[in-house]
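Here the structure is laid out as structure tokens; the discussion comes afterwards.
In what follows, residues are counted from 1 in the order of the sequence shown.
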Amino acid sequence: MSARDDGESVDERLFLRSVARAFQVLEVFGKEARPLSLREIAQAAGIDKSAAQRIAQTLLSIGYLEKAPNDAGLLPGKALLDRSFDYLRMNPIVERAAPVLTSLREATKERVDFSLFDRFTIIYALRLQSKRETFFATLIGRRIPTFSSAGGRACLAHLDETAARAIVEGSDRKPQTSKTIVDPETIMERVAQARLDGYACALEESLIGEIVIAAAVTDKGRPIAAVHIAGSLGEWSEAEFRRKFAPLAIEAARALSV
């Protein structure tokens with residue numbers, strides 16, 4: 001049996017390594033926002049160049065990779081967007097969250113996000129923009145660390161102390177900005193505060209100048225997602241942002257919880 005990051009195990013007798021290697025090739029593009037050569041793909045995926053060439057050709061033929069202009073390397077293909085669409089339209093919590101987030105965006109006039117809790121990371125499934133955003137802040141599918149995100153800490157607050165600490169201490173606590181908190185004890189203090197408050201707040205830990213409030217969505221007490229409201233510290237003080245938007249985030253998360 002082999003362990004996955006989410007704690008589930010996989011029966012090795014049913015595990016197809018050729019399929020796993022194909023996904024390893026696709027996953028290397030998550031580390032580099034540019035076209036990659038076969039040599040770079042092989043090196044990043046931990047396979048030899050011959051295997052990388054065969055896998056890449058297969059993925060090219062079915063649309064999961066594309067050639068970059070001027071033969072500059074390979075890029076993710078449009079077929080990947082089809083699979084993202086399939087996931088989102090078949091996920092009932094994402095479908096239920098869409099109108100709630102639309103109403104929240106209208107009420108706050110700030111960016112609102114809906115993320116899915118995936119143990120060591122959260123992944124954005126819905127993002128409704130405000131008047132000012134960086135490009136990456138508008139994209140679904142982006143993962144950020146649980147330990148440093150408001151949504152992640154809000155979810156950790158719904159786990160017991162042992163389980164939450166295991167995620168924090170098992171994370172690669174690489175700072176995203178100069179303000180990212182990486183000390184496990186300080187992070188656990190923020191999680192404990194989120195448990196008391198019913199929401200978490202992160203200041204400039206993922207993006208300089210940004211404040212984020214988030215509340216967890218639960219399924220029978222188990223954290224599965226989070227509702228975020230993000231604003232600019234150039235326009236809001238921390239105290240004012242908390243006072244105005246924390247109740248709205250909590251209300252939206254409760255509306256989606258079961």
Side-chain angles (χ1 to χ4, degrees), residues 3-9 87-88 90-101 103-105 108 111-128 140-173 176 180-203 205-206 210-230 242 245-258:
R4 290 176 12 189
D5 284 347
D6 60 8
E8 296 182 13
S9 59
Y87 178 84
L88 293 173
M90 294 184 202
N91 189 310
I93 187 62
V94 174
E95 181 179 3
R96 288 198 294 115
V100 173
L101 256 69
S103 296
L104 188 62
R105 170 68 182 86
T108 63
R111 193 185 82 231
V112 296
D113 301 321
F114 185 73
S115 68
L116 302 175
F117 177 53
D118 199 17
R119 203 162 180 238
F120 291 108
T121 60
I122 61 169
I123 183 167
Y124 291 112
L126 295 171
R127 313 196 81 173
L128 304 184
I140 64 168
R142 187 187 182 196
R143 287 184 184 269
I144 62 173
T146 294
F147 79 89
S148 61
S149 61
R153 290 177 189 160
C155 288
L156 291 177
H158 285 266
L159 300 178
D160 63 46
E161 176 83 8
T162 300
R165 183 175 290 275
I167 291 174
V168 171
E169 294 183 347
S171 297
D172 178 11
R173 295 187 302 279
Q176 292 185 283
T180 304
I181 299 170
V182 297
D183 174 62
E185 294 307 320
T186 305
I187 295 167
M188 291 304 298
E189 289 173 5
R190 300 299 174 94
V191 172
Q193 189 63 52
R195 196 174 287 123
L196 290 173
D197 295 339
Y199 72 94
C201 181
L203 295 173
E205 294 196 53
S206 297
E210 182 180 71
I211 178 172
V212 185
I213 293 285
V217 176
T218 60
D219 182 351
K220 299 179 176 62
R222 178 177 59 91
I224 58 171
V227 173
H228 308 236
I229 304 173
R242 284 177 179 264
F245 296 123
L248 297 178
I250 292 170
E251 181 183 3
R254 284 178 179 166
L256 293 169
S257 297
V258 295

* Tell me, please, which residues at least two apart from Asp172 pass side-chain contact (heavy atoms from CB on, under 4.5 Å). =>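 For Asp172 the side-chain contact (heavy atoms from CB on, under 4.5 Å) partners, ignoring immediate neighbours, are Lys174.
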
Looking at [Y], is its backbone amide N or carbonyl O close enough to the side chain of [X] to form a donor-acceptor pair, meaning the two atoms are under 3.5 Å apart?
{"X": "Ser103", "Y": "Pro99", "value": "yes"}
{"X": "Arg195", "Y": "Leu159", "value": "yes"}
{"X": "Arg111", "Y": "Ala230", "value": "no"}
{"X": "Thr146", "Y": "Thr121", "value": "yes"}
{"X": "Arg142", "Y": "Ile123", "value": "no"}
{"X": "Arg96", "Y": "Leu256", "value": "yes"}
{"X": "Arg173", "Y": "Asp183", "value": "no"}

* To do: Please say whether more than 12 non-hydrogen atoms of neighbouring residues, nucleotides or ligands are located less than 6.0 Å from CD in Glu169.
  =>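 It does: Glu169 CD has more than 12 such atoms within range.
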
* Asked: Crowded around Glu95 CD? As in, over 12 foreign heavy atoms under 6.0 Å?
  ->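 Counting other residues, nucleotides and ligands, CD of Glu95 stays at 12 neighbours or fewer.
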
* What distance do Arg190 atom CZ and Asp197 atom CG have between them, rounded to the nearest 0.5 Å? ->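 Rounded to the nearest 0.5 Å, the CZ-CG separation comes out at 11.5 Å.
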
* Got a second to check how far Ile229's CD1 is from Arg242's CZ, nearest 0.5 Å? ->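 So the gap between those two atoms works out to 13.0 Å.
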
